[in-house]
Amino acid sequence: MTETSDTRSAADEAREAPRGGLRRVMRYLPMIAPLLLWAVPCWVLLYAGQHWPLPVTLTGTALFVLGLIGMPLAMARGHGRRQQDGAAIVGDTLLGSAWILFTWSVLLGVLLRAALAVAGVGDGQERARIVTWAVLCVAAVLLVWGYAEARRVPRVRRLDVQLPRLGAGLDGTRVVLITDTHYGPLDRARWSARVCETVNTLEADLVCHTGDIADGTAERRRAQAAPLGTVQATRARVYVTGNHEYYSEAQGWVDLMDELGWEPLRNRHLLLERGGDTLVVAGVDDVTAESSGLAGHGAHLDGALQGADPGLPVLLLAHQPTFVGRAAAQGVDLQLSGHTHGGQIWPFHYLVRLDQPALAGLSHHGPRTLLYTSRGTGFWGPPFRVFAPSEITLLVLRSPQHSA
């Protein structure tokens, strides 16, 4: 691996990160989301014709009110200035639970109730109570399963990716991608070590981490991140910042990853050479970097590619898939990203797609550019993954010359 550039961007590169529909929705969501998340299930489960005994109704209502009040308070204490891990765990767990209850209260409250009515099952009260028990059972199963999915070591997802400009000497190059580890309030040092052990079984030439290492500063989450220093690659281990680094003293994470033996690709590139052929491996800061106020931080693709032979294939690390528009305009061959978590808890992926051009997997953009979006290795916030499994990704780069 040969270093070729440490140059920052040209002054005229776009300064403002793209703002999608999700950001506009999120502007107002904090004001109404908690009320909707708790009030809708409360109504569907308790007041939609069930006629429960008064103690049941009062107890259930009290629990929903406690959730409505407790969730935002706990999240504010956990993710605000105080950064109290215990409060963050409580708030995040309540958020995930409320989202699942809300989703299935809406779905079953409409679809199951209609199906029961068409089938002529019981009277209105009986159908309403069937819906209540169905929602509670489905939510309980999904919470238990989702927690197990979030806490397990991700399965390895393997795929071949053919790059038309890749030389035959680089055919079979093994690239491992981890991203969005989100070390946080729940101590996952043991999980982190097991993830790194799995990565080391893949015999990677290049290991990439595309950001969102943790929620919290490098000093605070060092023990959970330390196993990253054991990751092995025959050529290099490279890293770019994600948006969550810019909530938690990003430069500290850049320094720690450098200390652990990873190469921070902050708007610069390296060359991977094998068999007489060369691949440009470039990286950019996250698109939120420019608004962070940190000097020298920003997503500058021109700087990342400065000095690179334009005839060589380019592998780009960029945390958010939305950066692929700039990558395609520059003729990048393959962009690796994370950020979306695959939606993490269904059906949140519909909101993610308002903001990002891809949710998960391989997609095509422009005449030449491929984008691979990982569903992420860890989880953010609520310790649940529902219909959005985590992954460690092994991409085997293929050359059409070798195939021929």
Side-chain angles (χ1 to χ4, degrees), residues 14 16-26 149 154-164 175-182 208-212 238-244 265 281-289 299 301 304 313-381 385-398:
E16 188 174 347
R19 293 179 58 85
L22 180 59
R23 290 184 176 88
R24 288 190 289 272
V25 172
M26 292 296 288
E149 280 287 296
R155 301 177 184 90
V156 176
R157 185 178 185 189
R158 297 173 169 84
L159 70 157
D160 287 5
V161 180
Q162 186 176 89
L163 301 180
V175 179
V176 171
L177 171 61
I178 58 175
T179 184
D180 299 275
T181 42
H182 283 287
C208 309
H209 194 307
T210 54
D212 278 8
V238 292
Y239 155 73
V240 294
T241 56
N243 56 303
H244 278 251
L265 292 183
V281 180
V284 293
D285 291 340
D286 183 63
V287 294
T288 60
L301 185 55
V314 177
L315 170 65
L316 173 69
L317 276 61
H319 177 66
Q320 298 194 39
T322 191
F323 196 80
V324 76
R326 303 188 207 181
Q330 292 272 28
V332 167
D333 298 81
L334 174 62
Q335 175 178 315
L336 302 183
S337 298
H339 186 67
T340 69
H341 298 204
Q344 187 163 320
I345 305 177
W346 185 90
F348 195 77
H349 69 284
Y350 289 113
L351 293 178
V352 174
R353 281 308 308 271
L354 293 175
D355 188 53
Q356 299 293 333
L359 184 72
L362 197 65
S363 54
H364 294 257
H365 302 266
R368 182 165 71 201
T369 302
L370 293 174
L371 165 67
Y372 185 82
T373 306
S374 168
R375 289 186 301 252
T377 309
F379 62 86
W380 174 84
R385 274 187 172 270
V386 177
F387 306 134
S390 56
E391 65 178 83
I392 296 168
T393 317
L394 171 61
L395 301 104
V396 181
L397 305 186
R398 294 300 182 188

**OP:** Look at the side chain of Arg385 and the backbone N and O of His341, then say whether any donor-acceptor pair between them is shorter than 3.5 Å.
**Re:** yes

**OP:** Measure the CG-CD distance between Leu316 and Gln330 for me, rounded to the nearest 0.5 Å.
**Re:** 10.0 Å

Subject >> Main-chain N/O of Trp380 paired with Gln344 side-chain donor or acceptor, under 3.5 Å >> reply: yes

Original post:
How long is the span from the CZ atom in Phe379 to the CD atom in Glu149, to the nearest 0.5 Å?
Top reply: 12.5 Å

Original post:
Are the side chain of His209 and the backbone N or O of Gly211 linked by a donor-acceptor pair below 3.5 Å?
Top reply: yes

Original post:
Looking only at heavy atoms, which two atoms of His319 and Asn243 are closest? And how far apart?
Top reply: NE2-OD1, 3.0 Å

Original post:
If every non-hydrogen atom of Thr340 is compared with every non-hydrogen atom of Ala358, which pair is closest and at what distance?
Top reply: CG2-O, 3.5 Å

Original post:
In Å, rounded to the nearest 0.5 Å, how long is the span from OG1 of Thr369 to NE2 of His364?
Top reply: 11.0 Å

Original post:
Out of curiosity, His365 NE2 to Leu370 CG, how far, rounded to the nearest 0.5 Å?
Top reply: 8.5 Å

Subject >> Short side-chain donor-acceptor distance under 3.5 Å, Glu391 and Thr393 >> reply: yes

**OP:** Without swapping roles, check the side chain of Arg375 against the backbone of Pro389 for a donor-acceptor pair under 3.5 Å.
**Re:** yes

Original post:
Are any non-hydrogen side-chain atoms of Thr210 and Ser337 less than 4.5 angstrom apart?
Top reply: no

**OP:** Indicate the atoms forming the closest heavy-atom contact of Leu336 with Cys208, along with that distance.
**Re:** CD1-SG, 4.2 Å

Original post:
Would a 4.5 Å heavy-atom cut-off, applied to side chains only, mark Leu177 and Tyr372 as touching?
Top reply: yes

Subject >> Test item: Thr373 side-chain N/O and Leu359 main-chain N/O as donor-acceptor pair under 3.5 Å >> reply: no

Original post:
Backbone N or O of Leu315 within a donor-acceptor pair of the Asp333 side chain at under 3.5 Å?
Top reply: no

Original post:
What do the steps show when you test Leu334 against Leu397 for side chain to side chain contact (heavy atoms under 4.5 Å, CB included), and what is the final call?
Top reply: CA-CA 10 Å; Leu334 174 62; Leu397 305 186; 4.0 Å; yes

Subject >> Closest approach of Tyr239 to Leu317 (non-hydrogen atoms, all atoms of both residues) >> reply: N-CD2, 4.5 Å

Original post:
Which atom pair, heavy atoms only, marks the closest approach of His244 to Asp212?
Top reply: N-OD1, 2.8 Å

Original post:
Which is it for Asp286 and Val240 under the side chain to side chain contact (heavy atoms under 4.5 Å, CB included) test, yes or no, and what are the steps along the way?
Top reply: CA-CA 7 Å; Asp286 183 63; Val240 294; over 6 Å; no

Original post:
Checking side chain to side chain contact (heavy atoms under 4.5 Å, CB included) for the pair Phe323/Leu301: CA distance, chi angles, key distance, verdict?
Top reply: CA-CA 10 Å; Phe323 196 80; Leu301 185 55; 3.9 Å; yes

Subject >> Heavy-atom pair of closest approach, residues Val324 and Gln335 >> reply: CA-OE1, 3.2 Å

**OP:** Report the C-alpha separation of Val287 and His339 in whole Å, then their side-chain angles, then the decisive distance to 0.1 Å, and conclude whether the side chain to side chain contact (heavy atoms under 4.5 Å, CB included) test is met.
**Re:** CA-CA 12 Å; Val287 294; His339 186 67; over 6 Å; no

Subject >> Nearest-0.5 Å distance, CG of residue Asp355 to OG1 of residue Thr322 >> reply: 6.5 Å

Subject >> Side chain proximity check, Ser374 to Asp180, heavy atoms < 4.5 angstrom >> reply: no

